Amino acid sequence: PYTPKEIEPKWQQRWADERVAETDVAAPGQKLYMLNMFPYPSGDLHVGHGRNYILGDALYRYFRMQGRAALNPMGWDAFGLPAENAAIKRGIHPREWTVGNIGRMKKQFGRWGILYDWSKELASCDPEYYRWNQWLFLQLFERGLAYRGKAPVNWCPQDETVLANEQVIDGHCERCDALVEQRELEQWFFKITAFADRLDAGLDTLEHWPEKVKTMQRNWIGRSLGADVDFQVPSLGKTIRIFTTRPDTIYGATFMVLAPEHPDVAALTAQHSDRTAIEQWIDQVRNQTNVERQEAGKEGRFTGRYAINPFTNEEIPIWLGNFVLMQYGTGAIMGVPGHDERDYEFAKQYGLPIRVVIQPRDGSPAEPPFTIKDDSGVAINSGIIDGLPVPQAIETIIKEIERRNIGKGTVRYRLRDWLISRQRYWGTPIPMIFCEQCKWVPVPEDQLPVELPLDVPFTGRQGNPLAKDDRFVNTTCPRCGGPARRETDTMDTFVDSSWYYARFITPRDDAKIFDSRLVNRWLPVDQYIGGIEHAILHLLYARFICRTLHDMGLVAFEEPFTRLFNQGVITKEGYRDPSEGMAWVPLNEVEWRDEMPFKRNTMTPLVPEVGKMSKSRFNVVPPDDLIDRYGADTERVYTLFIAPPEKEAAWSDEGVIGAYRFLARVWHMGEQFTSTELTAHSSQLTGRVVRKMHQTIDGVTRRIEKFEFNTAISALMELSNTIGDALPEGAGDPRVREAYEALLQLLHPFAPHVTEEIWELLGHEGFVLTSRWPVADPALMQEETVTIAVQVNGKLRGQVEVPNPPEEAVVLEAVRGNERVRSWTEGKQVVKTIYVPGKLVNVVVK
RNA sequence: GCGAAAGUGGCGGAAUUGGCAGACGCGCUGGACUUAGGAUCCAGUGGCCUCAGCGCCGUGCGGGUUCGAGUCCCGCCUUUCGCACCA
């Protein structure tokens, strides 16, 4: 019988002992760098996590069988908040907690039969790794790409730290969902905006990235072309600069709106008739978050001042508005209510004039707000650009603006600099020292790493424990030797993950960040696999840091990941506790879930819900029971079979059995082959088996390359069924046995343990992994006979079996109803060749 | 609101190019073997009928192109995801 429980540990041990996945990066060969995004070691893995790693392993084994020198390393994104929270809550040191989790996860990878090159393992919380984070910081600092700046920043009151813009979702903390506050603080930033244009342009070169991810990055970078234009404000004797993407609508600008934070606001309102009221309003809006402002609707106040529209020379009122953002553009806009929805809404509310300056090309009247931007719109009532289609109008007006020296064509980005300071303990210390005399001084390279002290108290109150550790904080200034204080903020953990893929090549190098020669040989990563949740954060930061490494001359490429694949999540039916903040009560989920949707001890009704596996939803499937009962191969095959890998997939406990039965059948067939002598006896079904084998080799190969693992496995099931049909009589037939062995090889990436075991029982030396991937013979792939359906007047009139498929089939005449079909009636009798090898053909005759 | 993707049996999902719709698997029905079956094996399984016929209907809804449409075109509906005052 098929006993995965005995087979699997044996092979896992063998693979580990033989170090089959260890790659010599200096050895020659056609390189292939596979990488799964290194995980945060949060603890136990469930079958949902498994998808990602099983996928990568199947692919890795496939490439190895293709003879590629493939590298498949793994490491740990080991700094981060959960470790610190665990320390506060349970009194375990973050390091201890993290190391324990790493051990459990590593063991789980082993039980899944996943092959990683553990000789290259790294963890970002090790000083030997994070010292290079610090080194990188210093390099960026030297180049002006790391700087300290005061800016309104996102503050999470729950986690007591600042957050990057990328970590704020709808005004809430990405991690704990607390409402994020705006605070004016001095922090460390990386100047990612200096790379906005290159990061945007580079997306076009990423042919093998999902469009979705590229679109998300494009939107995040937010490149827009437009113009800066200066409007005179005679009463102040100065100009105010606005930014617009629609300079072609400038003749329709009937007012101007400034953000309440705009630096000229004070001067503009200084002599306002009701100064107190307007200042009160400004204060109120300033204290609102963007979300609150949006909820309030369009609100504004007239400043009492006017600007001059440089093209109409009209006086236009200057307003303040809650919908204008100081962070984008110049913090001032020209109001064109005829052609912008927001301006239109504002104008309607305050009775400002609306002027139409663009209309549809066909001359039909434009209904404001008419926002067409392509050449189906034409400028009207617009002086020098009258009659021009929008794109030309934009071009012409920008030239005129530049000629008159009142502005220029500009490119603006939505992207803002990356705030990397975190007021937390468990992260890379920022290697900077503050001295009253010399101000901020970088830690000299030879003093790296600045080590994180391990013996600090975790109270969970009053912020970062580092700041209270005098031995850490007090130091001397590297420049003047006077007393100084260390920076106690640590780096965002996304810094750690922005370059780890390069460190894997030479992970133990203690003299430099990595070996450029070898990194240039192995990188970029050929196949990167991970969740879509990193579409912006990690992948954008990594692309940015890669460019900085490129500019330092350390790497020869600008894009770190050639191919990207985002696997979908695995969902399961479960329940959600609608009462937030209630402690989770452990319970016997299975019994409880079926019986009553109430949380034990509380009687809080739970809401049925299908979703991602999580403890709070009571729908986590731990792999252990599953593997004990059916084996890791079953989980692997089921996980890949369940759905296309990029799609969300619903886990079904019943469905698992199908994968198990399949493997058990393959096993059972193996027993028949091992107990039968080869006799050269030919079964009637042999021809069919041989053809099926070649078709399957071809199909599975193509499907793996296209990440269609689900249909690759279904094709293997078909081959298995076809071979099964030829048994037991066929067991002695060498050609049937050949097909069976091909099945084992094709199946190996998905179910490595069972295929290894049978391979050995069949008397082969060595592992399937080191054997070759089979090759299909196209000549033997074709069907022996082709079924031709004959239709008359569109009705099926029978079928014709054609042995030894002809080069072409012949249509005598094609008809539709009583009508001849023209395109089919050229020539005399032979009208159209419609035979396609391997396919059913409809021959239409009269 | 804007943008993108997707709608196929009881379920997960198949279907190079427009060419046998529903592969493969789950579930279900019947049978075999069994003291037993939540094991295994065999058969069946889209719906309908005047129920075995060379039958009718059928891929979200309504049209269109075509000898032929799940697939292409037009218009709706629904769902999911992303963005959301970015001027």
Side-chain angles (χ1 to χ4, degrees), chain A residues 1 170 210-213 215-216 218-220 222-224 226 242-247 249 253 257 259 290-291 293-298 321-325 327-336 339-343 345-346 371 412-416 532 535-536 568 637-638 641-644 647-662 664-665 668 699 702 706 708 710-721 724 787-799 811 813-817 819-821 823-824 832 834 836 838-842 844:
Chain A
D170 292 337
E211 279 307 321
K212 188 181 175 181
V213 174
T215 305
M216 283 169 73
R218 255 183 220 113
N219 291 341
W220 187 262
R223 181 178 197 269
S224 9
I242 60 99
F243 172 69
T244 178
T245 55
R246 292 296 302 273
T249 62
V257 192
N290 279 352
V291 179
R293 292 185 197 189
Q294 201 164 336
E295 276 165 5
K298 300 271 179 301
N322 65 347
F323 67 103
V324 177
L325 306 174
Q327 304 93 317
Y328 185 75
T330 60
I333 61 154
M334 63 179 196
V336 185
H339 306 285
D340 182 282
E341 284 174 31
R342 296 153 300 185
D343 298 350
E345 213 183 303
F346 192 75
T371 57
R412 296 263 178 194
Y413 297 92
R414 201 186 85 120
L415 187 68
R416 282 182 267 157
I532 186 78
I536 293 176
V637 167
Y638 176 67
F641 181 66
I642 185 170
K647 273 191 67 172
E648 186 176 294
W651 185 270
S652 139
D653 291 326
E654 300 81 49
V656 174
I657 194 77
Y660 176 77
R661 283 184 193 143
F662 166 55
R665 272 197 297 270
H668 180 66
R702 280 213 313 264
K706 292 194 293 187
E708 293 171 3
N710 55 328
T711 51
I713 288 172
S714 75
L716 292 173
M717 288 173 171
E718 285 184 53
L719 175 60
S720 157
N721 292 343
T787 308
I788 295 179
V790 180
Q791 295 180 350
V792 177
N793 290 350
K795 300 226 169 190
L796 193 69
R797 280 289 172 265
Q799 298 192 332
V811 175
E813 203 166 0
V815 291
R816 173 175 45 167
E819 230 179 312
R820 280 187 186 173
V821 181
S823 59
W824 289 48
K832 181 121 180 161
I834 56 167
V836 185
K839 211 181 251 181
L840 181 133
V841 181
N842 291 327
V844 184

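Residue numbering restarts at 1 for every chain, and letters A, B, ... go by the order of the sequence lines. Note: hydrogens, waters and symmetry copies are ignored here, and every other heavy atom, side chains too, is used. In this text, all values refer to a predicted model and were calculated from it rather than measured experimentally.
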Give me the distance, rounded to whole Å, that separates [N] from [M] when you measure between the [atom1] atoms they each carry.
N	M	atom1	value
B:rG37	B:rG25	P	25 Å
B:rA21	B:rC57	P	13 Å
B:rC76	B:rG9	P	24 Å
B:rC77	B:rG63	C1'	15 Å
B:rU45	B:rC24	P	12 Å
B:rU79	B:rA15	P	27 Å

Sub-4.5 Å side-chain heavy-atom contact between A:Asp343 and A:Ile333: yes

Checking contacts here: which listed nucleotide ([options]) is nearest the side-chain heavy atoms of [X]?
X	options	answer
A:Ala643	B:rA14, B:rG12, B:rC24	B:rG12
A:Ile657	B:rG12, B:rG27, B:rA87	B:rG27
A:Ser714	B:rC85, B:rG13, B:rC24	B:rC24
A:Glu718	B:rA87, B:rC24, B:rC83	B:rC24
A:Gln294	B:rC85, B:rG12, B:rA87	B:rC85

[X] side chain near [N] phosphate (N/O to OP1/OP2, under 4.0 Å):
X	N	value
A:Asn219	B:rG82	no
A:Tyr638	B:rG25	no
A:Arg661	B:rC26	yes

A:Met216 CE - B:rA84 C1' separation (whole Å): 13 Å

Atom pair distance, as rounded to whole Å: CZ in A:Phe323 and P in B:rC85: 13 Å

5'-most by nearest nucleotide on RNA chain B - A:Asn721 or A:Thr245: A:Asn721

Distance, nearest 0.5 Å, that separates CZ of A:Arg661 from CE of A:Met717: 11.0 Å

A:Tyr638: ring-ring contact (aromatic ring centres under 6.0 Å, His included) partners, not counting sequence neighbours: A:Trp651

Side-chain donor/acceptor of A:Lys298 to base of B:rC85, under 3.5 Å: yes

Whether A:Phe323 and A:Phe346 hold their rings parallel, tilted or perpendicular, with breakpoints at 30° and 60°: tilted

